[in-house]
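None of the values given here were measured: they were computed from a predicted structure. Note that these values count all heavy atoms, side chains included, but never hydrogens, waters or copies made by symmetry.
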Amino acid sequence: FYSRRGQNYVSGSIKELKVGNTEVVAKMVKEITDGDLFQIDTVKKYPLDYHEATVVAQKELREKARPELTEEVTNMEEYDTIILGYPNWWGEMPMILYSFFEDYDLSNKTIAPFCTSGESGLSDTEKTIQALEPSAPMVKGLYVSKSASKEATSDVKEWVNEIK
């Protein structure tokens, strides 16, 4: 999963988050599945200030940047299913997800995406993932409103049970 802590726009105002919304949901998924948790993160950190972070993220999006990952999954071949979490920024995955897809061959692994977002839902991110990984089967993704990420346990459980 990729998640951003610090200032985030939640329910109409900017709030300081010690744990990002996507990380909250990713930890629920880990608990429900008893799976492994891997945090996708950028070498160059986004500013904690919400407005500054959006300027950087929009620049990356315009430039189709590929931020460098801080760590790698050394045993990707051991996994059959990848449950992938990310925020939806302007109808798009953060560019670090593109770096992740370019770094790993997920052919023949089932991809189960979930995203957190204010109101954008999954947008076209499922289609984007399928285009990036055409040989990977994909299940219907889950959208969790970032304002409800802490209360999403029942929705997450239902979704995880559907993809098992």
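No donor-acceptor distance shorter than 3.5 angstrom exists from the side chain of E63 to the backbone of Q58, with no hydrogens or angles considered. Panel note: side chain S117, backbone S120; a donor-acceptor pair is recorded below 3.5 Å.
Other residues, nucleotides and ligands contribute only 12 or fewer heavy atoms inside 6.0 Å of the NZ atom of K140. The neighbour count for K109 NZ, taken as heavy atoms of other residues, nucleotides or ligands under 6.0 Å away, is above 12. Annotation for E68: atom CD does not count as buried by contact number, only 12 or fewer foreign heavy atoms lying within 6.0 Å.
A donor-acceptor pair shorter than 3.5 Å can be found between the side chains of D36 and Y79. Defined by atom type and a distance below 3.5 Å, a donor-acceptor pair is present between the side-chain atoms of E92 and Y98.
T70 has its side chain out of reach of Q39: every pair of non-hydrogen atoms, C-beta onward, lies at least 4.5 Å apart. At least one side-chain heavy atom of Y46 sits less than 4.5 Å from a side-chain heavy atom of E60. At least one side-chain heavy atom of F100 sits under 4.5 Å from a side-chain heavy atom of L106. Here the side chains of I82 and M76 are in contact, with some heavy-atom distance below 4.5 Å. Side-chain contact between P113 and E126 is present, with at least one heavy-atom pair separated by less than 4.5 Å.
Between atom CG of residue D103 and atom CD of residue E72 there is a gap of 8.5 Å, rounded to the nearest 0.5 Å. To the nearest 0.5 Å, the span separating CE on M95 from CG on L61 amounts to 6.0 Å. The distance from the CZ atom of F101 to the CE atom of M93 is 5.0 Å, given to the nearest 0.5 Å. Atom CZ of residue F38 and atom CG of residue N75 lie 10.0 Å apart, to the nearest 0.5 angstrom. Atom CD1 of I129 is separated from atom CG of L97 by 7.0 Å, given to the nearest 0.5 angstrom. Here the straight-line distance linking atom CD1 of I83 with atom CD1 of I111 works out to 11.5 Å at 0.5 Å rounding.
S135 and P137 get closest at one heavy-atom pair: O-CD, 3.7 Å. Taking each heavy atom of T22 and S3 in turn, the nearest pair found is N-OG, 3.4 Å. In plain terms, the two heavy atoms of N88 and G121 that are nearest each other are ND2-O, 2.6 Å. The two residues T125 and G91 come nearest to each other via the heavy atoms CG2-O, 4.3 Å. Scanning all heavy atoms of the two residues, the minimum distance from P94 to Y2 falls at CG-CD2, 3.9 Å. Between V139 and T110, the closest heavy-atom pair is CG1-CG2, 3.9 Å.
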side-chain contact (heavy atoms from CB on, under 4.5 Å) assessment of W90 paired with T54: CA-CA 10 Å; W90 309 286; T54 61; 3.9 Å; yes
Report the C-alpha distance between N21 and V144 in whole Å, list the side-chain angles of each, state the deciding distance to 0.1 Å, and finish with yes or no for side-chain contact (heavy atoms from CB on, under 4.5 Å). CA-CA 9 Å; N21 295 305; V144 178; over 6 Å; no
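In summary, of the residues considered (L69, V56, I96), a side-chain contact (heavy atoms from CB on, under 4.5 Å) with T42 occurs for I96 alone. When each of R5, R4, K18 is checked for a salt bridge (Lys or Arg N to Asp or Glu O under 4.0 Å) with E23, only R5 meets the rule.
Here E31 does not pair with K27 in a salt bridge; the nearest charged N to carboxylate O distance is not below 4.0 Å.
Criterion: ILVMFWY side-chain heavy atoms under 4.5 Å apart, direct or through other members. Under it, I40 and F1 are not part of a common hydrophobic cluster. Under the 4.5 Å side-chain heavy-atom criterion for Ile, Leu, Val, Met, Phe, Trp and Tyr, Y86 and V73 are members of the same hydrophobic cluster. The hydrophobic clustering, which links ILVMFWY residues whose side-chain heavy atoms are closer than 4.5 Å, places W89 and Y50 apart. By the rule that hydrophobic residues join a cluster once side-chain heavy atoms approach within less than 4.5 Å of another member, I32 and V19 end up as members of one cluster.
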